[in-house]
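The next block holds one structure in the form of structure tokens; read it before the comments.
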Amino acid sequence: AQKVTQAQTEISVVEKEDVTLDCVYETRDTTYYLFWYKQPPSGELVFLIRRNSFDEQNEISGRYSWNFQKSTSSFNFTITASQVVDSAVYFCALSEAGTGNQFYFGTGTSLTVIP
Amino acid sequence: DVKVTQSSRYLVKRTGEKVFLECVQDMDHENMFWYRQDPGLGLRLIYFSYDVKMKEKGDIPEGYSVSREKKERFSLILESASTNQTSMYLCASSPGAATNEKLFFGSGTQLSVL
């Protein structure tokens, strides 16, 4: 069974629009960690955020914000006022405390920001 | 900054060849990982290692082996390359053991098997 689901395969938005990337996860552990990574065309995955399961506070970093809701097992990522440089593939990932060395990645969402 | 370096960005090999993909990290990380990335399938774990000479199978180890003789280097080996191993290969590392720390990735190797 897929532990991390990113239902949106591709999204296109016009520059300056807001966009939300969805991530739904599945785990039985009470302690776990959620991540978002960005993969620009250069190929290297860049770390964006790490949240643990006990911290449900939403986080904002510049134009980026994350909404963590345990009740719906979701960890969604919103880009406000999107820019062309935001065009990339975005991956959501889960790591469980019991298997700290294993990361479960979603299939990724390809975001294209049109100028 | 942590640097994870993969020896080749692009590689073209023939079916049946033995292929070595090399990965080096410079931050004394305990854990190292090999993933392959395919469209629509995301990242899938091939092998990982949490110590020198230690290795663990991931989700798709068939057709691959690994070697970790030194802490900083983790090699992925395709014993006899096949066309279905054409893919993007990503190496990653993380500090400590079972700490759920973030992964640091290399730039990837796009392997084409003809």
Side-chain angles (χ1 to χ4, degrees), chain A residues 1-10 21-27 29-55 61 66 75 88-110, chain B residues 1-6 8-11 23 25 29-51 54-61 68 74 87-111:
Chain A
Q2 191 74 13
K3 280 186 171 285
V4 178
T5 301
Q6 294 179 256
Q8 304 151 308
T9 305
E10 295 181 0
L21 310 183
D22 297 332
C23 174
V24 174
Y25 63 92
E26 180 184 330
T27 181
D29 280 21
T30 55
T31 303
Y32 53 89
Y33 300 81
L34 296 164
F35 301 78
W36 276 96
Y37 283 86
K38 173 183 180 180
Q39 185 181 39
S42 61
E44 181 176 334
L45 271 79
V46 176
F47 167 80
L48 295 178
I49 190 171
R50 171 182 182 265
R51 300 295 279 179
N52 72 57
S53 52
F54 299 107
D55 183 1
S61 176
W66 290 270
F75 186 45
V89 181
Y90 292 85
F91 289 96
C92 180
L94 164 72
S95 180
E96 297 164 322
T99 55
N101 293 322
Q102 293 236 30
F103 282 69
Y104 303 96
F105 283 85
T107 51
T109 297
S110 177
Chain B
D1 280 352
V2 175
K3 189 73 174 175
V4 179
T5 303
Q6 294 184 231
S8 304
R9 184 72 177 91
Y10 298 96
L11 211 52
C23 176
Q25 51 93 3
H29 282 176
E30 305 285 338
N31 308 319
M32 296 189 75
F33 307 80
W34 275 107
Y35 290 88
R36 66 175 280 177
Q37 180 181 2
D38 300 287
L41 297 177
L43 276 69
R44 293 180 292 166
L45 181 63
I46 306 171
Y47 269 96
F48 66 97
S49 167
Y50 51 85
D51 201 353
M54 303 296 287
K55 60 184 179 184
E56 295 283 345
K57 292 181 180 179
D59 299 319
I60 51 165
R68 194 166 181 201
F74 193 36
S87 185
M88 169 70 86
Y89 290 87
L90 294 164
C91 177
S93 71
S94 69
T99 58
N100 306 97
E101 292 292 330
K102 65 181 181 182
L103 297 175
F104 294 83
F105 283 88
S107 297
T109 295
Q110 180 63 53
L111 173 66

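Reminder, nothing fancy here: chain letters follow the sequence lines and each chain counts from 1.
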Report yes if the distance between the aromatic ring centroids of B:Tyr35 and A:Phe103 is under 6.0 Å, otherwise no.
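No, the ring of B:Tyr35 stays outside the 6.0 Å limit from the ring of A:Phe103, centre to centre.
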Using atom types as modelled and distance alone, determine if a side-chain donor or acceptor of B:Gln6 lies under 3.5 Å from a backbone N or O of B:Tyr89.
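Pair found, side chain donor or acceptor close to backbone of B:Tyr89.
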Which region of B:Leu41, side chain (C-beta onward) or backbone (N, CA, C, O), has a non-hydrogen atom less than 4.5 Å from a non-hydrogen atom of chain A, or is it both or neither?
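For B:Leu41, backbone heavy atoms alone lie under 4.5 Å from chain A.
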Contact class of B:Arg9 relative to chain A, heavy atoms under 4.5 angstrom
side chain
Against chain B, label A:Gln6 side chain, backbone, both or neither, depending on which of its atoms sit under 4.5 Å from a heavy atom there.
neither
Is it the backbone or the side chain of A:Ser42 that comes under 4.5 Å from a heavy atom of chain B, or both, or neither?
backbone
Is the closest side-chain heavy-atom distance between A:Trp36 and A:Phe75 below 4.5 Å?
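When only atoms from C-beta onward are counted, A:Phe75 and A:Trp36 do touch, with a gap below 4.5 Å.
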Would you say the side chain of A:Leu48 lies within less than 4.5 Å of the side chain of A:Tyr90, judging by non-hydrogen atoms?
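The answer is yes, as the side chains (C-beta and beyond) meet within the 4.5 Å cut-off.
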Given the options A:Tyr37, A:Phe47, A:Phe91, B:Phe105 meets ring pair (Phe, Tyr, Trp, His ring centres under 6.0 Å) only with A:Tyr37
When B:Gln37, B:Arg44, B:Met88 are compared by non-hydrogen pairs under 4.5 Å with chain A, the top option:
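Among the listed options, the one with the most contacts to chain A is B:Gln37.
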